[in-house]
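Chain letters run A, B, ... following the sequence lines, proteins first and then strands; every chain starts at 1.
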Amino acid sequence: MPELPDVETWRRYLDATALHQEVDLVRVPAPKVLVGTTPQGLGHALKGRRIDETYRHGKYLFARLDTDGHLVLHFGMTGQLRYSRAGESDCDATACIHFSNGAQLHYIAPRKLGHIALSGSVNGFVAAHQLGPDALSIDAERFAELVQGRHGAVKSWLMNQHIMAGIGNVYSDEILFQARIHPRHQVKALDSDGLRDLHEALHEVLEAAIEAGADPDRMPESFLLPHRREGGHCPCCGADLDTTRVGGRTAWFCPRCQPLS
DNA sequence: AGGTATGTTAATTG
DNA sequence: GCAATTAACATACC
């Protein structure tokens, strides 16, 4: 799940539950997810501090610690957050922040492909990881600039975090479906109409998905996402959906609505 | 048992 | 040297 809309949904969840509470201690049963720090280092950085604000850039969630510094969370393919109040215990977390009010914030990444790090500044982290601009911050002009000098399949371009940050396999399929563009269409071959449709679809899809709390059951009727499985049909024309391999990942699309031109 | 899975990154190829 | 593609990573599920 964890693409831009999912991470934004967790950011809001964190805002609604875990702000302004003093950290008592941090447990990290699976230290493998830590990048550039240790369980002790993380504990030292967080103890006695409070999260006072959150940010998101692409698929990364930043929790600003009061006075200075940020906790950085990345969810990999399966990560999630869960806040529990005092008394509700929940022990199979990958990492867990215990607050002095007894509540806990669990970071659960069953496949341990996620990452937890510390960073002084959001911009510094983004620069160090060479992330492109957040997908939702891109206007039509910038979008057109990002195509310059690029080649290959449009789906891979959308998913390249160095070009723009936040779009993964599921939402790139959704954006291309709404724009009626085949996932293997060459990004160089996009004309100005195609570029405009793609940019509009990007914003519409990501904003609608956030509005739905990134829950497939709450997405608009017209979305491909809930039909994106074996035997699924196009919500627009009813054709059997098809798959193809693009950049090592499975792309779902409607062969009738998204012809390869 | 083998293939697939929403993530990134290092290695490889063009 | 750059950009694009592929393999590897850890674990769960069908």
Positional range of nucleotides in DNA chain C within the contact set of chain A, heavy-atom, under 4.0 Å: C/dA3 to C/dA12

Which residues in residues 122-136 of chain A have a heavy atom closer than 4.0 Å to any atom of DNA chain B? A/H129

Can you get from A/L146 to A/L176 by hopping between Ile, Leu, Val, Met, Phe, Trp and Tyr side chains that sit under 4.5 Å apart? yes

When clusters are formed from ILVMFWY side-chain contacts under 4.5 Å, directly or step by step, what else is grouped with A/F62? A/Y55, A/Y60, A/V72, A/V122, A/F125, A/V126, A/L131

Pair listing, side-chain hydrogen bond (donor to acceptor under 3.5 Å, both in side chains) test, anchored in residues 126-143 of chain A, at least two apart: A/R56-A/D134

For A/R229, give me all partners under side chain to side chain donor-acceptor pair (under 3.5 Å), at least two apart in sequence or on another chain. none

In a table with atom names and distances, give each donor-acceptor pair under 3.5 Å that connects a side chain of residues 95-102 of chain A to protein atoms at least two apart or in another chain.
residue, atom, partner, partner atom, Å
A/H98, NE2, A/R27, NE, 3.0
A/S100, OG, A/E22, O, 3.2
A/S100, OG, A/E22, OE1, 3.2
A/N101, OD1, A/A103, N, 2.8
A/N101, ND2, A/Q21, OE1, 3.1

Can a donor-acceptor pair be found, under 3.5 Å and without considering hydrogens, that links the side chain of A/K155 to the backbone of A/H182? no

Dot-bracket encoding per residue of DNA chain C, Watson-Crick/G-U cut-off under 3.5 Å, | denoting interstrand: .||||||||.||||

Listed by chain and number, what are the salt bridge (Lys or Arg N to Asp or Glu O under 4.0 Å) partners of A/R12, not counting sequence neighbours? A/E8

Output the rest of the hydrophobic cluster of A/L25: all Ile, Leu, Val, Met, Phe, Trp and Tyr residues reachable through side-chain heavy-atom contacts under 4.5 Å, sorted by chain and number. none

Run the side chain to side chain donor-acceptor pair (under 3.5 Å) test against A/S119 and tell me which residues pass, sequence neighbours left out. none

Tell me whether the OP1 or OP2 atom of B/dT4 has a side-chain N or O from A/T250 closer than 4.0 Å. no

Starting the side chain at C-beta, find the nucleotide from B/dG7, B/dT9, B/dT4 nearest to A/Y60. B/dT9

Which whole-number value in Å describes the distance from A/N160 CG to B/dT9 P? 11 Å

Once you apply a heavy-atom cut-off of 4.0 Å, does A/H115 come out as touching a base, just sugar-phosphate, or nothing? nothing

Co-members of the apolar cluster containing A/F177 [side chain, <4.5 Å]: A/L224, A/L241, A/W252

Write down the distance between CG (A/L158) and P (B/dG7), rounded to a whole number of angstrom. 12 Å

Please list, by residue number, the residues of residues 242-249 of chain A whose heavy atoms come closer than 4.0 Å to an atom of DNA chain B; answer none if no residue qualifies. A/R245, A/R249

